[in-house]
2 protein chains.
Amino acid sequence: MKTKLFIVDDHYMVIEGIRSMLQDEPSIEWQGYANTAGACLSFLQLHVPDVILMDINLPDMSGLDLCREVLRKYPTVKVIGLSTFNQLSFISKMLDNGASGYLLKNAPKAEILTAIEVVMKRQQYLSLEASEMMKKNGEEEAPTLTRREIEVLQLIAEGYTNVEMSEKLFVSTTTIDTHRKHLLAKFEAKNTASLIRLATKMKFV
Amino acid sequence: MKTKLFIVDDHYMVIEGIRSMLQDEPSIEWQGYANTAGACLSFLQLHVPDVILMDINLPDMSGLDLCREVLRKYPTVKVIGLSTFNQLSFISKMLDNGASGYLLKNAPKAEILTAIEVVMKRQQYLSLEASEMMKKNGEEEAPTLTRREIEVLQLIAEGYTNVEMSEKLFVSTTTIDTHRKHLLAKFEAKNTASLIRLATKMKFV
DNA sequence: TTATCACTCCCCTTTTTCAGGGATTTTTGT
DNA sequence: ACAAAAATCCCTGAAAAAGGGGAGTGATAA
C-alpha cells in the first residue's frame with residue numbers, strides 16, 4: 001500500500017528537491033504540490049492524500065492556520081511541518097495545531113522517508129536537530145497575548161507613547177499603562193527595550 | 001561550452017531541487033554542492049566553477065563573508081545569491097560584496113537558467129520580485145554606528161538601564177546618555193521602543 | 001450561576017529616558 | 001603633524017515609563 005504524498009511549499013526548489021528524491025521510491029505515491037494555501041485547499045477537495053509536507057511560511061496564509069484548517073476538514077490526513085532553522089519558534093505551535101511531525105529543510109532523503117513512515121503509524125516524528133533547538137529556544141516561549149495587548153505592543157514598537165496610544169485607541173492613558181504592565185509581565189521583560197527585542201524575535205512585531 | 005555550476009546551501013531539498021531541475025540541461029555542467037562555507041572553500045581548491053549559487057545563510061559563515069572570500073581568491077567566478085523573501089535586506093550587502101546576481105528560492109527552472117546566462121555575460125541578474133522588494137525596503141538604510149554605539153545598542157536591547165550600562169562599561173552615566181542620543185538621532189527614532197525595533201530589523205541586535 | 005478573563009479606569013511614587021545645550025580628551029586617518 | 005571622528009564627561013528640566021496597589025464591567029465558558 002503506497003503512501004499518498006502531497007506538498008505545500010512556495011519554493012520550487014524545495015518541491016523539486018523532494019519530488020526528485022522521492023519519485024522513485026516504491027512506497028511513495030507522488031500526488032502533486034501546491035504553492036499556496038488556497039491551491040492546497042482546492043486540491044484537497046478532489047484528492048485526499050495520506051501525508052502532507054507543509055511549509056510554515058506560505059504567501060497567502062500561515063502554515064499554522066492552514067494546518068488547523070486542513071485537519072478540521074480532513075482529520076485522517078497527517079501533516080508534517082517543513083521549516084528552516086530560524087523558524088523553530090513556530091514548530092511547537094504547529095504541533096499544537098495538530099501536525100504529526102516536523103522536518104527541517106536540510107533533511108536527507110532517508111530522514112524524510114522515516115518521518116513519513118513514523119507518522120503513518122500515527123506516531124509523532126520530531127527531527128533530532130530541531131528538537132534540540134527546541135530545548136534551547138524552548139525556554140523562551142512566546143506568551144499568549146490578548147487582541148488589545150498585541151495592538152498596544154505594535155504601537156509601542158512604532159514609537160507611540162502612552163498618551164498617543166490612548167488618543168489613537170480612544171481609551172485612558174491608565175488603560176494603556178495597564179496593558180503595558182501586562183506585556184512586561186508576560187514577556188518577563190524589565191523595560192520597553194527588552195520587551196520590543198523579545199517581541200520582535202517572537203514575530204509579534 | 002558548458003557552464004560549470006556549483007551550489008552552496010545547507011538545505012538538501014534545495015540542492016536536490018536544483019540538481020533535478022538542471023541535470024539534463026545541455027548548457028549546464030553540474031559540478032556538485034557544499035553544505036557549508038568550509039566545504040565550499042575546500043572544493044574550490046580543486047575545481048573552479050563558472051557560477052556558484054550561494055545561500056545567504058550558511059551554518060558556519062554568512063553568505064556575505066563567503067562571497068567576499070571566494071571572489072578574493074577566485075575573481076573570475078560569478079556568484080548568484082540565493083534567498084527567501086524575508087532575507088532581502090542581505091541582498092544589497094551581497095551585491096556590495098561582489099555577487100553578480102540573486103535569485104529567490106521559489107524561482108522556476110527557466111529563471112534559474114536565465115540568471116546563469118545573464119551573469120555569464122558579465123551582467124547582473126536581479127529577480128523581479130526581489131528587486132521590487134528592495135525598493136520598498138531600501139528606503140530605510142542602516143546607519144553607520146561606531147563600536148561603542150553598537151555595544152550600547154545591544155545592551156539597551158537586553159534591558160540594561162543607563163546606570164547598569166555605565167557600571168558594566170566603566171564609564172559615566174552621562175556618557176551612556178550621549179551614546180543613546182546619538183543612536184536615536186542616527187536611527188531617526190523618537191524613543192527606545194522604535195530604536196530597538198529598527199535596530200532589530202536591521203540586524204544590529 | 002459562578003468563576004474567569006479581557007478590558008477598562010484610577011491612585012501614588014520612583015526611576016529612567018528625552019531634549020536642549022556645552023566641553024574635553026583620545027583615536028584615527030591622511 | 002593635523003584635522004576629523006569617536007569617546008568621554010557635565011548641567012537642567014521635562015516627559016515618559018515602571019512598580020505597586022485597587023476596582024468595576026461585560027462576555028463567556030465550566
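Below, read A as the first sequence line, B as the second, and so on, with proteins coming before strands; counting in each chain starts at 1.
As judged by a 4.0 angstrom heavy-atom cut-off over every strand, B/Lys190 is placed among residues touching the sugar-phosphate backbone only.
Taking atom CD1 of residue A/Ile196 and atom P of nucleotide D/dA16, one finds them 17 Å apart after rounding to whole Å. Rounded to whole Å, atom P of D/dT8 lies 16 Å from atom CZ of B/Arg180. Computed from coordinates, the A/Asn191 CG to C/dC18 P distance equals 11 Å when rounded to whole Å. Spacing between atom CG of B/Leu195 and atom C1' of D/dA16 amounts to 16 Å, rounded to whole angstrom units. A straight line from CG of B/Asp177 to P of C/dC18 spans 8 Å, rounded to a whole angstrom. Taking atom NZ of A/Lys181 as the reference point, atom C1' of C/dA6 lies 16 Å away to the nearest angstrom. What separates CG of A/Leu183 from P of D/dA16 is a distance of 19 Å, to the nearest Å.
Neither side chain, B/Arg148 nor B/Thr175, offers a donor N or O lying under 3.5 Å from an acceptor on the other.
Between A/Leu5 and A/Pro49 there is no side-chain heavy-atom pair separated by less than 4.5 Å.
In terms of phosphate contacts, A/His182 brings no side-chain nitrogen or oxygen within less than 4.0 Å of OP1 or OP2 of C/dC5.
Below the 3.5 angstrom threshold, one finds no donor paired with an acceptor across the side chain of A/Thr146 and the base of C/dC5.
Atom CG of B/Leu104 sits about 5.0 Å away from atom OG of B/Ser83, to the nearest 0.5 Å. One distance of note links CD of A/Glu111 with OG1 of A/Thr114; it measures 7.0 Å at 0.5 Å rounding.
Screening B/Phe43, B/Tyr33, B/Trp30, B/Tyr74 for a ring pair (Phe, Tyr, Trp, His ring centres under 6.0 Å) involving B/Phe6 leaves a single residue, B/Phe43. When the options A/Leu71, A/Ile80, A/Leu44 are evaluated for a side-chain contact (heavy atoms from CB on, under 4.5 Å) with A/Ile52, the one that passes is A/Leu44.
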Could you pull out every donor-acceptor pair under 3.5 Å between side chains of residues 116-124 of chain A and any protein atom, sequence neighbours left out?
none

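Counting only heavy atoms from C-beta on, B/Thr178 has its side chain closest to D/dC10 among C/dG20, D/dC10, D/dA17.
Taken residue by residue, residues 147-175 of chain A places heavy atoms nearer than 4.0 Å to DNA chain D at A/Thr161, A/Asn162.
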